[in-house]
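Notes follow once the structure below has been shown.
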Amino acid sequence: MTESPYHLAWRVTEPIHSMIYFVPEGPEAYAKAGLDDAGAGYFASRGAVFGATGPQVVTATFYNFNPRLVARVLPAAWQKTTPEAMIAARYHAVDAALTRGLGAEVLAGPEVAEAAELARTAAEAATRWPQGRPLFAAHAELAWPEQPHLVLFHAQTLLREFRGDGHIAALLTAGLSGLEAVVLYVKQGLSDERFLRPTRGWSRDEWAAAAEGLRERGLLTGDELSEEGLRLRAAIEEQTDRLAAPAYEVLGEQGALRLAELTRPLRRTLVKAGFLDPRGLSPQRPS
């Protein structure tokens with residue numbers, strides 16, 4: 001299947017957001033804000049948009065993490081720091097990481113400014129459809145930063161969460177729990193169990209039980225996706241793309257292609273420098 005310009009724009013630009021889950025600047029900034037536990041820093045920094053909430057809202061909107069893992073750090077994290085401090089720490093970490101990875105000259109260049117404008121246009125268009133998208137809507141209430149590279153990060157964050165909320169809707173429609181969704185993802189060869197299982201907080205027994213349930217449903221044959229499983233995964237991704245498309249329609253196909261063209265060199269630099277390498281993460285540092 002040919003990749004659509006809208007999906008291409010999201011995929012190519014996504015590392016500008018997702019690198020924050022892998023770089024050392026994140027845990028360092030969260031520790032300065034009061035959270036020296038990397039797992040607590042992850043949940044509190046991404047979930048800070050909900051305020052000083054407990055584990056239920058974060059479990060619901062992050063979806064594929066073991067609820068016990070979330071409950072170990074929330075709401076306890078809010079006794080050590082505040083949502084406002086964590087939001088500020090996250091932006092500080094993003095600024096430091098992107099400056100280290102791409103250089104101040106690149107970040108101040110016209111390409112980053114143009115990419116930021118395009119991504120912001122798409123992200124602001126997405127605010128017309130907040131219904132059923134709680135994680136996106138909460139991030140959309142944050143003030144826009146001023147520096148272009150932080151605008152680009154925030155815009156891609158909104159586009160990621162817009163897509164992610166739609167993906168959860170697709171998983172719910174398919175009758176897949178968060179654990180079952182990540183098991184299928186791994187069994188399709190799209191990620192490594194050695195990374196996803198511990199960072200999402202699932203035991204080997206829980207993982208094995210979920211896999212057996214998927215076999216009983218006919219979605220797995222042995223340790224591989226069955227034809228029915230492959231069809232289901234394809235349908236989920238197709239529905240996710242369809243639900244994410246409205247954000248990019250304001251750009252049109254040419255605008256989406258231009259966004260991908262502008263951010264592709266940034267992505268390549270970050271990937272080559274190891275900014276998205278999960279091997280640097282401990283098992284207790286979710287991403």
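Note that the coordinates shown come from a computational prediction; the quantities given were computed from them, not determined experimentally. When reading the values below, keep in mind they use all heavy atoms of this one structure, side chains included, and skip hydrogens, waters and symmetry mates.
With Asn66 contributing its side chain and Gly201 its backbone, the two residues share a donor-acceptor pair below 3.5 Å. Judged purely by atom type and a 3.5 angstrom limit, Arg120 has no side-chain atom pairing as donor or acceptor with the backbone of Ala155. With Thr81 contributing its side chain and Ala33 its backbone, the two residues share a donor-acceptor pair below 3.5 Å.
Residues Leu142 and Phe43 share a hydrophobic cluster, clusters being chains of Ile/Leu/Val/Met/Phe/Trp/Tyr side chains in contact below 4.5 Å. Connection of Leu159 to Tyr63 is not established within any shared hydrophobic cluster, with ILVMFWY side chains joined at heavy-atom distances below 4.5 Å, either directly or through further cluster members. There is no path of hydrophobic side-chain contacts, each under 4.5 Å, that joins Phe62 to Leu243. Both Trp202 and Val186 are part of a single hydrophobic cluster, where members link through side-chain heavy atoms under 4.5 Å apart. Put simply, Leu262 and Leu266 are part of two different groups of oily side chains (I, L, V, M, F, W, Y) that touch within less than 4.5 Å, one to the next.
When all heavy atoms of Ala256 and Leu251 are compared, the closest pair comes out as N-CB, 3.9 Å. Here the shortest heavy-atom pairing between Ala210 and Val183 reads CB-CG2, 4.1 Å. Contact between Leu276 and Pro278 at its shortest, heavy atoms only, is O-CD, 3.2 Å. Annotation for Tyr42 and Ser45: closest pair O-OG, 3.1 Å, computed over non-hydrogen atoms. Summarising the geometry of Val151 relative to Trp144, their closest heavy-atom pair is O-CZ3, 3.6 Å, with the distance given to 0.1 Å. Among all heavy-atom pairs drawn from Gly222 and Arg215, the shortest one is O-NE, 2.7 Å.
Here the straight-line distance linking atom CD of Glu237 with atom NE2 of His167 works out to 5.5 Å at 0.5 Å rounding. Atoms OG1 and CZ, from Thr199 and Phe65 in turn, are 6.5 Å apart once rounded to the nearest 0.5 Å. A distance of 10.0 Å separates CG in Asp165 from NE2 in His139, rounded to the nearest 0.5 Å. Here Thr173 contributes atom OG1 and Ile168 contributes atom CD1; the two are 11.5 Å apart, rounded to the nearest 0.5 Å. Note that CG of Leu184 and CG of Leu214 are 4.5 Å apart. Values are rounded to the nearest 0.5 Å. Here CD1 of Ile236 is found 10.0 Å from CG of Leu172. Values are rounded to the nearest 0.5 Å.
Side-chain contact check for Gln188 versus Leu230: some heavy-atom pair is nearer than 4.5 Å. Taking the side chain as every heavy atom from C-beta outward, Met86 and Val49 never approach each other to under 4.5 Å. Residues Glu253 and Tyr248 have side chains not in contact (no heavy-atom distance under 4.5 Å, counting atoms from C-beta outward). Counting only heavy atoms from C-beta outward, the side chains of Asp241 and Glu238 never approach each other to under 4.5 Å. In this structure, the side chains of Pro75 and Pro55 come closer than 4.5 Å at one or more pairs of heavy atoms. Residues Thr99 and Leu102 are not in side-chain contact: their nearest non-hydrogen atoms beyond the backbone lie 4.5 Å or more apart. Inter-residue side-chain proximity for Trp207 and Arg200 is flagged as unmet; no heavy-atom pair is nearer than 4.5 Å. Phe50 is listed as a side-chain neighbour of Leu135, based on a closest heavy-atom distance under 4.5 Å.
For Arg11, the CZ atom sits in a packed shell: over 12 heavy atoms of surrounding residues, nucleotides or ligands are nearer than 6.0 Å. In the displayed structure, Glu117 atom CD is contacted under 6.0 Å by at most 12 heavy atoms of other residues, nucleotides or ligands.
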Inset, instruction - Start with the C-alpha distance between Arg217 and Glu180, add both sets of side-chain angles, then the distance that settles salt bridge (Lys or Arg N to Asp or Glu O under 4.0 Å), and finish with yes or no. - result: CA-CA 11 Å; Arg217 291 177 58 182; Glu180 290 170 332; 3.8 Å; yes
Inset, instruction - May I have the step-by-step check of side-chain contact (heavy atoms from CB on, under 4.5 Å) for Glu193 and Leu196, ending in yes or no? - result: CA-CA 5 Å; Glu193 179 186 343; Leu196 271 188; over 6 Å; no
Inset, instruction - Might you work through the side-chain contact (heavy atoms from CB on, under 4.5 Å) test for Arg90 and Arg46, ending with a clear yes or no? - result: CA-CA 8 Å; Arg90 194 186 204 196; Arg46 190 178 173 207; 4.1 Å; yes
Inset, instruction - For Leu98 and Leu270, run side-chain contact (heavy atoms from CB on, under 4.5 Å): C-alpha distance rounded to whole Å, both residues' side-chain angles, the deciding distance at 0.1 Å, then the answer. - result: CA-CA 8 Å; Leu98 290 179; Leu270 294 175; 4.2 Å; yes
Legend entry - side-chain contact (heavy atoms from CB on, under 4.5 Å) assessment of Leu219 paired with Leu225: CA-CA 6 Å; Leu219 300 176; Leu225 267 67; over 6 Å; no
Legend entry - Worked verdict on Thr127 versus Glu124 for side chain to side chain donor-acceptor pair (under 3.5 Å): CA-CA 5 Å; Thr127 61; Glu124 289 182 333; over 6 Å; no
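Geometrically, Arg133 engages Phe162 in a cation-pi contact defined by less than 6.0 Å to the ring centre and at most 45° from the axis.
Ion pairing between a basic and an acidic side chain is recognised when a charged N comes within 4.0 Å of a carboxylate O; Lys32 and Glu28 show no such pairing. Using a 4.0 Å cut-off between charged side-chain N and carboxylate O, Lys187 and Glu224 make no salt bridge.
Of the listed residues (His154, Glu161, Arg160, Gln156), just one forms a side-chain hydrogen bond (donor to acceptor under 3.5 Å, both in side chains) with His17, and that residue is Arg160.
Aromatic ring orientation, Phe153 versus Tyr91: perpendicular (interplanar angle above 60°, classes split at 30° and 60°).
There is no side-chain donor-acceptor pair under 3.5 Å between Gln56 and Thr59.
Identified under the side chain to side chain donor-acceptor pair (under 3.5 Å) test for residues 261-274, with sequence neighbours left out: Thr13-Thr263, Arg258-Glu261.
Here Trp10 pairs with His7 under the ring pair (Phe, Tyr, Trp, His ring centres under 6.0 Å) rule; sequence neighbours left out.
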